[in-house]
Amino acid sequence: MSRWKGLPAELDPSTRNLVVRLRRLKDHSGLSLRQLAARTGYSTSSWERYLGGRSLPPREAVEALASVTGEDPTRLLAVWEVAAEAWSGRTATAPAAPVAVALRAGSPAGEQGQAPAGEQDQAPEPAAEPGRSGSVGLVDPVGPAGAGAEPARGRAFHVAVAAGVVAVALTASAVVVLVGRVGTEDARGTAAPPASSAAPATVSPPPDLPAYTCRVERIDGLWYAGQSTTRDAILANGYAGPEVAEAQCLLSRAGYSPGDVDGIFGPVTERAVKRLQAEADLVVDGIVGPHTWGALRG
């Protein structure tokens, strides 16, 4: 079983669940990151980002991982869709790129090659050339001075102007609709709520999350919770599965709350393990090993 680094604290729970599942598939396959990259077509650095929670893997990468590990992709893609919805909410407020950035020297947007979705890194825009201001200066004006210029430059200028006109028209329409709506609400005696009062969209949990129920009982002088009988599995922050649920149940029985018994080894479970280890005079490292299992089951 691989030793994974802890996931970023700000990671959405649905995205965290997806990453934990991908890690488990990678661990069970026995493939190294280099072998995984060779079989899926995605680079080693990409898989490091995906499995580290720093980047959302594309749908195709999830399908490729399911294929090479023999996993049914249907349930895994359902988890990915929920994570993708949550991930898109993080970047929903990012400003859109200016229209003129795509019009470099009269070339239509998309003419220059781009990396596949999920693999393209964002690079800063180059500094404006001397004598030109902003991205609009990349397009020469149409007139006598530009009479010898290529027709494509004139078309690019008209495209930029048309885009600006459309944007202004859409903005004006939105203002008219908003004013009419406010007037209607005022006429009914109900004030229109501010835009910032809208409740954030809620993300439904994945439909296939396993349910763990603690059934704690003492057998031959040892405590068991009905999820696993292991006494030597190594568990740490970022791991998931029935062994983690077993440890969570036994931590709760011993009076060290691990949070929800969800089978996911997160920061709350790690803190509970450290408290148990400190009380049992064990090495306080937050990792469940044979000695910590002995304290849990004893």
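For the single chain, residues carry numbers from 1 onward in sequence order. Computed from a predicted structure; not experimentally measured.
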Reported OG-to-CG distance for the pair S252 and D260, which is rounded to 0.5 angstrom
10.5 Å
Spell out, yes or no, whether V268 and Y256 are grouped together once hydrophobic residues are joined by side-chain heavy atoms under 4.5 Å, including indirect joins.
no
V288 vs F265 side-chain heavy atoms within contact, under 4.5 Å:
yes
Return yes if some donor-acceptor pair links the side-chain N/O of S29 with the main-chain N/O of K26 below 3.5 Å, else return no.
yes
Report yes or no: do I234 and V284 belong to one cluster of Ile/Leu/Val/Met/Phe/Trp/Tyr joined by side chain heavy-atom distances under 4.5 Å?
no
For T69 against L65, the heavy-atom pair lying closest together
OG1-O, 2.7 Å
List the atom of E60, the atom of Y42, and the distance in Å for their closest heavy-atom pair.
CB-OH, 3.2 Å
Check whether any side-chain heavy atom of I264 lies under 4.5 Å from a side-chain heavy atom of N17, and answer yes or no.
yes
Starting at CZ of R39, measure out to CZ of R34 and round the result to the nearest 0.5 Å.
14.5 Å
Answer yes or no: is there a side-chain heavy-atom contact under 4.5 Å between V273 and R271?
no
Tell me whether L282 is reachable from W223 by hopping between hydrophobic residues (I, L, V, M, F, W, Y) whose side-chain heavy atoms are closer than 4.5 Å.
no
So, for A86 and D12, which heavy atoms are closest and what is the spacing to 0.1 Å?
CB-OD2, 3.4 Å
Shortest non-hydrogen contact from A245 toward V261
O-CG1, 4.0 Å
Do N237 and W4 have side-chain N/O donor and acceptor atoms under 3.5 Å apart?
no
For residues V216 and V244: do they belong to one hydrophobic cluster (side chain heavy atoms under 4.5 Å, members Ile, Leu, Val, Met, Phe, Trp, Tyr)?
yes
OG1 of T40 to OH of Y50: how many Å apart, nearest 0.5 Å?
9.0 Å
Does D220 have any side chain to side chain donor-acceptor pair (under 3.5 Å) partners at least two apart in sequence or in another chain, and if so, which?
none
Go through the side-chain N and O atoms of D262 and Q248 and say whether any donor and acceptor fall under 3.5 Å apart.
yes
Which pair of heavy atoms, one from G53 and one from V19, lies closest together, and at what distance?
CA-CG2, 4.2 Å
Distance from E71 atom CD to T74 atom OG1, nearest 0.5 Å?
9.5 Å
I'd like to know if Y224 and L276 are part of one continuous hydrophobic network [Ile/Leu/Val/Met/Phe/Trp/Tyr, side-chain heavy atoms within less than 4.5 Å].
no
Surrounding CZ of R231 (heavy atoms of other residues, nucleotides or ligands, distance under 6.0 Å), is the total greater than 12?
no
Set of side chain to side chain contact (heavy atoms under 4.5 Å, CB included) partners for R59, sequence neighbours left out:
E63, L77, W80, E81
How many angstroms lie between atom OG1 of T15 and atom CD of E85, to the nearest 0.5 angstrom?
10.5 Å
Checking E243 side chain against T230 main chain: does a donor-acceptor pair fall under 3.5 Å?
no
Given L18, which of V82, L11, L56 fulfils the side-chain contact (heavy atoms from CB on, under 4.5 Å) condition?
L56
Provide the closest heavy-atom pair for P258 versus L251 in the form atom of the first, atom of the second, distance.
CB-CD1, 4.1 Å
Find the distance between OG1 (T269) and NZ (K274) and round it off to the nearest 0.5 Å.
12.5 Å
Applying side-chain hydrogen bond (donor to acceptor under 3.5 Å, both in side chains), which residue pairs with at least one partner in residues 280-298 are found, sequence neighbours left out?
E246-R297, Q277-D285, Q277-T292
